[in-house]
Number of protein chains: 2
Amino acid sequence: MTATETIGCVKAATKILGDKWTPQLLRFFVNEESVRFCQIQDLVEGINPRTLSARLDALEAEGIIEKVTAPEKSRCEYRLTKKGKELTPILRDMQNWSEQYA
Amino acid sequence: MTATETIGCVKAATKILGDKWTPQLLRFFVNEESVRFCQIQDLVEGINPRTLSARLDALEAEGIIEKVTAPEKSRCEYRLTKKGKELTPILRDMQNWSEQYA
DNA sequence: CAGTATCCGTATCGATACTG
DNA sequence: CAGTATCGATACGGATACTG
């Protein structure tokens, strides 16, 4: 935690977390274990379906979430992959910092 | 680190780290203790002075770095504030994740 | 419910040239 | 050295309406 330790390449995480909405979205995944499209629309104020869809697609393409479709129920869920779950420490740190300097 | 712990608001950190280049820039601050403009230009491939200047201004406005000018030397340095140093855990986690999933 | 299609404004960023 | 000025491309995201 000292400021002098080496910090190296940070790009992969930046590519994901730099997108607008994505950190907010991910915090729901961390809490909920599985999430539905309309659920996010209700919980995340201001996001529109076009953007939400784009974020979900990007996260899926990166292997951070996976889509679980149950066709007979005409609904689907998204849930974190292992790779996605390992973003949790970053999110937690971002939360801590944000609360401290709100 | 369990996926079920509560993650709350993450916006303040997102506002900073969501800007293109900023995480890359910050990693130099974490290592170097004090940094000069031209130093960053040399080290960060592809950034142009306009953008670098904008990032530095934003970081200064947020109280994450401070500018130390030595007029008689016609050069200045930037260094992390306490608030800025406390971004280190986030950057470190981002590095770990990025390396693991490069 | 879970998206897609379309359209469009703007914010962001790059390139380049120039300055105190 | 440490920036600013200008200009222009485009990527990004918002609003809205529509669909399997």
Side-chain angles (χ1 to χ4, degrees), chain A residues 10-29 32-62 64-81 84, chain B residues 10-29 32-62 64-81 84:
Chain A
V10 106
K11 283 188 182 172
T14 302
K15 184 186 172 192
I16 307 295
L17 301 171
D19 285 332
K20 191 175 179 182
W21 299 111
T22 298
Q24 272 106 302
L25 299 185
L26 285 173
R27 71 174 249 238
F28 286 108
F29 282 91
E32 298 299 325
E33 206 258 318
S34 101
V35 189
R36 301 212 320 276
F37 194 94
C38 63
Q39 222 181 334
I40 305 180
Q41 276 192 119
D42 294 342
L43 292 172
V44 181
E45 193 127 344
I47 198 168
N48 66 59
R50 193 185 98 79
T51 303
L52 176 53
S53 185
R55 291 300 168 273
L56 258 14
D57 287 351
L59 288 171
E60 201 187 353
E62 292 287 339
I64 289 167
I65 61 176
E66 57 186 355
K67 189 176 183 171
V68 183
T69 313
E72 78 287 0
K73 293 192 293 181
S74 82
R75 59 180 241 181
C76 65
E77 301 175 340
Y78 297 91
R79 58 187 62 203
L80 289 177
T81 62
Chain B
V10 106
K11 284 189 182 172
T14 301
K15 185 186 171 193
I16 308 294
L17 301 171
D19 286 332
K20 191 174 179 183
W21 299 110
T22 299
Q24 272 106 303
L25 299 185
L26 285 172
R27 70 177 248 238
F28 287 109
F29 282 91
E32 297 299 327
E33 206 258 320
S34 100
V35 188
R36 301 212 320 276
F37 194 94
C38 63
Q39 221 181 336
I40 306 180
Q41 278 194 116
D42 294 342
L43 292 172
V44 181
E45 194 126 342
I47 198 169
N48 67 58
R50 191 185 99 77
T51 303
L52 176 53
S53 185
R55 290 300 168 274
L56 258 15
D57 287 351
L59 288 171
E60 200 186 352
E62 292 287 338
I64 289 168
I65 60 175
E66 57 186 355
K67 189 176 184 172
V68 183
T69 314
E72 77 285 0
K73 294 193 292 180
S74 83
R75 60 181 239 181
C76 65
E77 301 175 341
Y78 297 91
R79 59 187 63 201
L80 290 177
T81 62

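Each chain gets a letter, A, B and so on, in the order the sequences are listed, and its residues count up from 1. Values below: all heavy atoms of this structure, side chains included; hydrogens, waters and symmetry mates excluded.
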The residue among B:Thr81, B:Leu80, B:Leu26 that forms side-chain contact (heavy atoms from CB on, under 4.5 Å) with B:Leu59 is B:Leu26
Which is true for A:Arg36 with a 4.0 Å heavy-atom rule: it touches a base, it touches only sugar-phosphate, or it touches nothing?
sugar-phosphate
Once you round it to whole Å, what is the distance between P of D:dA11 and NZ of A:Lys15?
15 Å
Mind checking which nucleotides bracket the chain B contacts on DNA chain C, 5' to 3', with an atom under 4.0 Å from a heavy atom?
C:dC13 to C:dA15
Could you report the tightest heavy-atom contact between B:Val35 and B:Phe28, atom names first, then the distance?
CG2-O, 4.1 Å
Rounded to whole Å, how long is the line connecting atom CZ of A:Arg55 with atom C1' of D:dA11?
11 Å
Any stem touching DNA chain C, meaning at least three consecutive Watson-Crick or G-U pairs under 3.5 Å, ordered by first number, would be C:1-20 with D:1-20
So how far is it from A:Phe29 CZ to A:Thr22 OG1, rounded to the nearest 0.5 Å?
10.0 Å
Round to a whole Å and report the spacing from CD1 of A:Ile47 to C1' of D:dG13.
10 Å
Nearest non-hydrogen partners of A:Pro23 and A:Leu17, listed with the distance:
CG-O, 3.5 Å
Of all the heavy-atom pairs spanning A:Ser34 and A:Gln39, show the shortest one and how long it is.
O-OE1, 4.1 Å
Length of the NZ-P vector between B:Lys20 and D:dG13, whole Å:
13 Å
CD1 (A:Ile47) and NZ (A:Lys20) are apart, to the nearest 0.5 Å, by 9.5 Å
Nearest heavy-atom neighbours spanning A:Lys67 and A:Cys76:
CE-SG, 4.0 Å
Under 4.0 Å between a side-chain nitrogen and a carboxylate oxygen: does that hold for A:Glu66 and A:Arg79?
no
